[in-house]
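Working notes, structure below.
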Amino acid sequence: MKYFILYIFIISLVACSNGNDTDISLLPREYYRPLLTEKEIGVAFSKNKESLDDLIPQIIQHEKISEAIYVTHEGETVIGLRLMPYHRKASHEVIKEIATLSMIEETNIIDDPRKYRIMEKLNQDKKIYGITTSWIDEWMSLKE
């Protein structure tokens, strides 16, 4: 019995001390990520240079704008602006500047605080639930 336990112990010790296998085929997939290049993947890393994600930080740098958001649906984009206090009277000038910067029509740039909150909710709901009929109804109310 004593030799049997010793034999099991030695087998488990030898099996566990197999060594450091660094064979790349045995590594978890997280280790493959640095090994891939953008050329091998191709389209997965391509990004539109004139993306609105790059435009929003430029819009926020304007001295009269505190926050900005955008919502897109069926190729139509609406930009929402939250203006700084005491600059709401100059909203038409700010909208004109943002329209020239973003090449989006002035009618698709909104500075109304209520509609801005609706846009935040639409953005959040689109990420969580996707596009539903209630989402489309709110989108249409936003466009009015």
Side-chain angles (χ1 to χ4, degrees), residues 5-144:
I5 293 174
L6 183 63
Y7 180 71
I8 296 294
F9 178 73
I10 290 172
I11 288 177
S12 64
L13 184 66
V14 169
C16 292
S17 68
N18 196 5
N20 296 330
D21 273 343
T22 57
D23 185 18
I24 198 161
S25 63
L26 301 176
L27 294 176
R29 67 179 171 168
E30 285 80 22
Y31 291 103
Y32 290 117
R33 290 184 182 147
L35 301 175
L36 296 176
T37 62
E38 291 182 13
K39 291 180 182 176
E40 292 174 358
I41 294 175
V43 180
F45 283 124
S46 69
K47 186 175 180 183
N48 187 1
K49 296 191 191 262
E50 298 178 22
S51 171
L52 288 172
D53 291 329
D54 299 335
L55 183 66
I56 295 297
Q58 292 176 1
I59 292 174
I60 293 174
Q61 287 178 355
H62 194 281
E63 68 268 357
K64 296 180 182 178
I65 297 174
S66 63
E67 295 179 31
I69 192 171
Y70 73 93
V71 180
T72 58
H73 179 62
E74 294 180 351
E76 192 170 358
T77 303
V78 177
I79 295 179
L81 304 175
R82 183 171 282 173
L83 298 175
M84 296 267 195
Y86 306 111
H87 293 293
R88 298 190 201 281
K89 292 180 181 177
S91 64
H92 296 294
E93 298 168 9
V94 173
I95 288 175
K96 286 181 183 178
E97 290 177 28
I98 300 304
T100 57
L101 179 66
S102 64
M103 296 185 189
I104 292 179
E105 296 177 16
E106 292 180 22
T107 57
N108 289 342
I109 299 175
I110 297 172
D111 66 328
D112 183 19
R114 288 186 200 122
K115 289 187 177 182
Y116 186 86
R117 285 191 294 273
I118 291 172
M119 289 181 69
E120 286 179 327
K121 185 177 181 301
L122 284 174
N123 229 357
Q124 183 180 15
D125 289 349
K126 188 175 182 180
K127 288 178 185 173
I128 295 173
Y129 306 114
I131 297 175
T132 60
T133 55
S134 63
W135 190 94
I136 293 173
D137 292 340
E138 287 189 44
W139 169 262
M140 296 308 282
S141 72
L142 183 70
K143 296 294 295 168
E144 294 174 351

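Index from 1, following the sequence. Owing to the predicted nature of the structure, the values given are computational and were not obtained by experimental measurement.
For the atom pair OG1 (T133) and CD (E138), the distance works out to 10.5 Å, reported to the nearest 0.5 Å. To the nearest 0.5 Å, atom CD1 of residue I109 and atom OG of residue S91 are 11.5 Å apart. One distance of note links NZ of K96 with CD1 of I98; it measures 13.5 Å at 0.5 Å rounding. Here CD1 of I104 is found 12.5 Å from CD1 of I95. Values are rounded to the nearest 0.5 Å. Between atom CD1 of residue I136 and atom CG of residue L142 there is a gap of 13.5 Å, rounded to the nearest 0.5 Å. A distance of 5.5 Å separates CD1 of I59 from OG of S102, quoted to the nearest 0.5 Å.
A99 and E106 get closest at one heavy-atom pair: CB-CG, 3.6 Å. Shortest non-hydrogen contact noted between W135 and I131 is CE3-CG2, 3.7 Å.
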Distance-only criterion, 3.5 Å: show the donor-acceptor pairs between side-chain atoms of residues 69-84 and protein atoms not counting sequence neighbours.
unit_1: Y70; atom_1: OH; unit_2: D53; atom_2: OD1; d: 2.6
unit_1: E76; atom_1: OE2; unit_2: K143; atom_2: NZ; d: 2.6

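A heavy-atom distance below 4.5 Å is not found between the side chains of V94 and D111. Proximity of E120 to E67: side-chain heavy atoms (C-beta onward) are separated by under 4.5 Å at one or more points. By the 4.5 Å heavy-atom criterion applied to side chains, E93 and K64 are counted as neighbours.
Residues that satisfy the salt bridge (charged side-chain N to carboxylate O under 4.0 Å, His left out) test with D125, not counting sequence neighbours, are K121.
With a 6.0 Å radius and a threshold of 12 heavy atoms from other residues, nucleotides or ligands, E63 has its CD atom above the threshold.
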